[in-house]
Structures are given as C-alpha cells and as structure tokens.
Amino acid sequence: MTMKRLIGAVSAALLAFAAMPAQAADKVVLMLNWYVYGEHAPFYYGKAKGIYAAEGIDLEIQEGRGSAATTQAVAAKTADFGYVDVPTMMRAAIKGAPVVATGVLLQTSPMSAMGFADKNIKKPEDIKRKTVAITPADSMTQIWPLFLKKTGLKESDFKTVAGDGQTKLNAVINGQADLLLGYVMDQSMKIKDATGKDVYPIKFADYGINMVSSGIIANTDYVKANADLVRRFMSATTKAVEAAEKEPKAAAQAILDANPKGGKIDTLTQGFELTIPLYRTAETKTKRPFQVTDQNMTETVNLLVEYGGLDAKAKENPKAFYTNDYLPKSGS
C-alpha cells in the first residue's frame, strides 16, 4: 500500500509538473531609428524565423521618428533597446543621457551625395557646377565640409538648396537639384520608389571618411540590471543579421509580412543588399556582425569632435560610448 501511495504521489507530481506553463518569454521592445525601410530587415526576419523566441525573447518592433527621439526613449526606459545612428547617441551621452551602444552594426558610413544615374555624376569632380540639396544641421550636412576638404571641393564650386528631408527628396525628384546628401540604402530607394529610376551614390567612405553609423543601444542601468537578457538579445540579433545576409529577399519580405505598407519588395531588398557591405570594415571582414574595433570608434569620435559638434571631452574616453562585452563569441 505504501508503494502504491508513493507511486501515486510521484505520478501526481509529474502530472502537475507537466501541466505547468513554460517559462514566459521576456518581453522586449526594440525601437527603430525611423519608419521601416530595407536596413531594418534583419529584425523582422529574426522575429519571423523564431530566432528571438529561441533566446526566450518576445520581441516587439516599433518604428521611430529619428535617432535622437529613439535615443531619448531608451534613456527614459520607454523602449528597452534602440536601433539608432551611434554618433547621434554619442551627442546625447556626452550630455548625460544614460545610454550605451551594445553593438555597432554599420561600421562603414552610408553617407553619400546621390543623384539620378543618368546624370552621370559619379565622382567628386562631377559635383562642380551642380546643385546639391541638404538638410541643415543633420548628420550628413555636418560631415559634408570634411568630404569637401578630402576631395578638394569648395562651397563655391556648386549651388546649395536647403530643406527638410522630404523637401530634399522632392528637389531631386522634380529636377530642382542634381544631388542630395543621403544614406546609400535609404534616400536612394525612396527616390527609386517614387520615380522608377536608378540612383548613383558618391560614398563618403570611399574618400577616407571612416565613421560608424547605426547600432543597438540600451539604457546603462537596464544593461546592468539585465545582463543575461542583453546577452540573449545581442546573440539573437547577431544570428538574425547573419541569417538575413544569406536570404536578402526573404528578409525584406518579412518586413512586408509584418507591415504590408512598409514599402515595395524590390526596393526593400535592394536597400537591404546595399546595407550588408556596411556591416564590416577591412579589419572586421572575418568577424561576426557588431564586432566593432576600438580604432574605428576612436576615429569616429575624433571626426565628430572636429566636424560633428561633439564635445571635445568625448576624446578622453571613447570606450564610454560602447561595449562588445554582451556579444556572442565566435560560433556561439
């Protein structure tokens, strides 16, 4: 009888254990830098393929309204992670915002001067006597003087028209400007969506401007309090990027599956394909995504202090702006 009771008790315990719900996944909010475009494909692909779920993460992706606004949301803990322009985050951090980059994805700058391919503007010399559309005080306009210096151009070599982001696009689309300052995988695709015409970018990075761009950021207190979750999130995001690199069109389709009004499959795919080469530099070409070098970050800080309005005290400790400590090791 005692044995029967024991077996009954064990069976009941096993049944009760089996009936227990699985441990709930951690809810994580990732806020993007802007409305969705091709660059964002890995996050949607990672969610669709269950990569985040496999790390115990229930991911919510929210569109943003600019890197500065997303940085503010992360600083205020209204978003757990942000995908932003890292130099923009640096400007906030040096002023006291409690934010840090937990992974720098775009290690080569996407900044460029771009116009319709049929205008045959393919090198800095071709910009002479043309009209360039800019948005005053945005990140590209701040670095533009360095591009001019590197390429031997002067402000007097071309005309400039100024306006907000949409005005800048319209100026090129309507023929009021020959070029605009934009990101190779962003504005170029917006122009192509609107006109069906190809765009050619003159990339700042091709002329010695070595700067990082987009990356993942988090609140510094959140990182300290949730170290394991941050590691799992960065592991999942690394795997998502690697998976998306292998299947660009499927990754772009994941955007439309989640957001049917998120664009057109062809330009989303092309925009993402233009993003992939920006993931690595010559120094990180054999490494997994996000493994930024100290040299790349130091060069970025130095350029931003000289040309981008970053407080000079940032040069004292560039490592304060980023950490690679939460990234997965090779093969993991």
Side-chain angles (χ1 to χ4, degrees), residues 31-34 39 64-76 79 81-113 134-151 153 155 162 164-165 181-184 186 203-221 223 278 281 283-284 290-325:
M31 183 177 287
L32 304 176
N33 55 329
W34 196 243
E39 181 184 346
R65 299 295 180 269
S67 288
T70 296
T71 298
Q72 289 171 358
V74 171
F81 295 92
Y83 182 69
V84 305
D85 175 61
V86 173
T88 298
M89 180 220 72
M90 289 178 179
R91 293 187 189 95
I94 202 70
K95 294 176 181 175
V99 287
V100 65
T102 55
V104 178
L105 185 55
L106 270 59
Q107 298 169 17
T108 299
S109 175
M111 294 181 183
S112 65
I134 68 168
T135 297
D138 75 359
S139 58
M140 288 157 289
T141 302
Q142 289 178 332
I143 302 301
W144 181 235
L146 176 59
F147 176 82
L148 301 182
K149 182 178 178 181
K150 292 270 191 182
T151 57
L153 290 172
E155 293 274 3
D164 63 18
L181 303 187
Y183 279 7
V184 64
D186 183 6
K203 301 172 189 173
F204 289 15
D206 289 344
Y207 296 90
I209 298 177
N210 302 311
M211 285 180 62
V212 303
S213 184
S214 304
I216 299 291
I217 69 165
N219 182 291
T220 51
D221 291 334
V223 171
L278 306 176
T281 63
E283 292 74 32
T284 59
F290 295 107
Q291 301 277 353
V292 72
T293 65
D294 293 340
Q295 179 183 350
N296 197 354
M297 293 298 289
T298 299
E299 288 180 358
T300 296
V301 169
N302 290 342
L303 283 176
L304 289 169
V305 168
E306 186 171 359
Y307 292 96
L310 186 65
D311 193 305
K313 66 183 180 183
K315 296 173 75 170
E316 297 171 7
N317 185 20
K319 288 189 176 183
F321 297 111
Y322 69 103
T323 176
N324 288 341
D325 292 348

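- Heavy atoms only, all atoms of each residue included: Glu299 and Asn210 are closest at OE1-CB, 3.4 Å.
- Thr281 and Thr284 form a side-chain donor-acceptor contact under 3.5 Å, judged by distance and modelled atom types alone.
- There is a side-chain donor-acceptor pair under 3.5 Å between Thr141 and Asp138.
- The distance from the CE atom of Met31 to the CD1 atom of Ile217 is 10.0 Å, given to the nearest 0.5 Å.
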Criterion side-chain contact (heavy atoms from CB on, under 4.5 Å) on Leu278 and Val184, from CA distance to verdict: CA-CA 10 Å; Leu278 306 176; Val184 64; 4.1 Å; yes
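- For the side chain to side chain donor-acceptor pair (under 3.5 Å) with Tyr322, the lone residue among Thr300, Asn296, Asp294 that qualifies is Asp294.
- Defined by atom type and a distance below 3.5 Å, a donor-acceptor pair is present between the side-chain atoms of Tyr83 and Glu39.
- You'll find the side chain of Ser214 stays beyond 4.5 Å of the side chain of Leu105, heavy atoms only.
- Taking each heavy atom of Val74 and Gly82 in turn, the nearest pair found is CG2-N, 3.6 Å.
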Show your reasoning for whether side-chain contact (heavy atoms from CB on, under 4.5 Å) applies to Phe290 and Thr102. CA-CA 9 Å; Phe290 295 107; Thr102 55; over 6 Å; no
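- With rounding to the nearest 0.5 angstrom, the CG atom of Leu181 is 11.0 Å from the CD1 atom of Ile143.
- The nearest pair of heavy atoms linking Trp144 to Ala113 is CZ3-CB, 4.3 Å.
- Residue Tyr183 comes nearest to Ser213 through the heavy atom pair OH-OG, 4.0 Å, listed as atom of the first residue, atom of the second, then distance.
- Classification of the Phe147-Tyr207 ring pair by plane angle, with boundaries at 30° and 60°, yields perpendicular.
- Met90 and Met297 get closest at one heavy-atom pair: CE-CE, 3.4 Å.
- Between the OG atom of Ser67 and the CG atom of Asn33 there is a distance of 4.5 Å, given to the nearest 0.5 Å.
- Proximity of a side-chain donor or acceptor of Ser109 to a complementary backbone N or O of Val212 within less than 3.5 Å is not detected.
- Note that OG1 of Thr70 is 11.0 Å distant from CG of Asp85, once rounded to the nearest 0.5 Å.
- Distance CG/Leu304 to CD/Gln142: 8.0 Å, rounded to 0.5 Å.
- Distance CE/Met140 to CZ/Phe204: 8.0 Å, rounded to 0.5 Å.
- Closest approach of Gly208 to Lys150, counting heavy atoms only: O-NZ, 3.4 Å.
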Under 3.5 Å, sequence neighbours excluded: what are the donor-acceptor pairs made by side chains of residues 305-312?
unit_1, atom_1, unit_2, atom_2, d
Tyr307, OH, Lys149, NZ, 3.2
Asp311, OD1, Lys313, N, 2.9

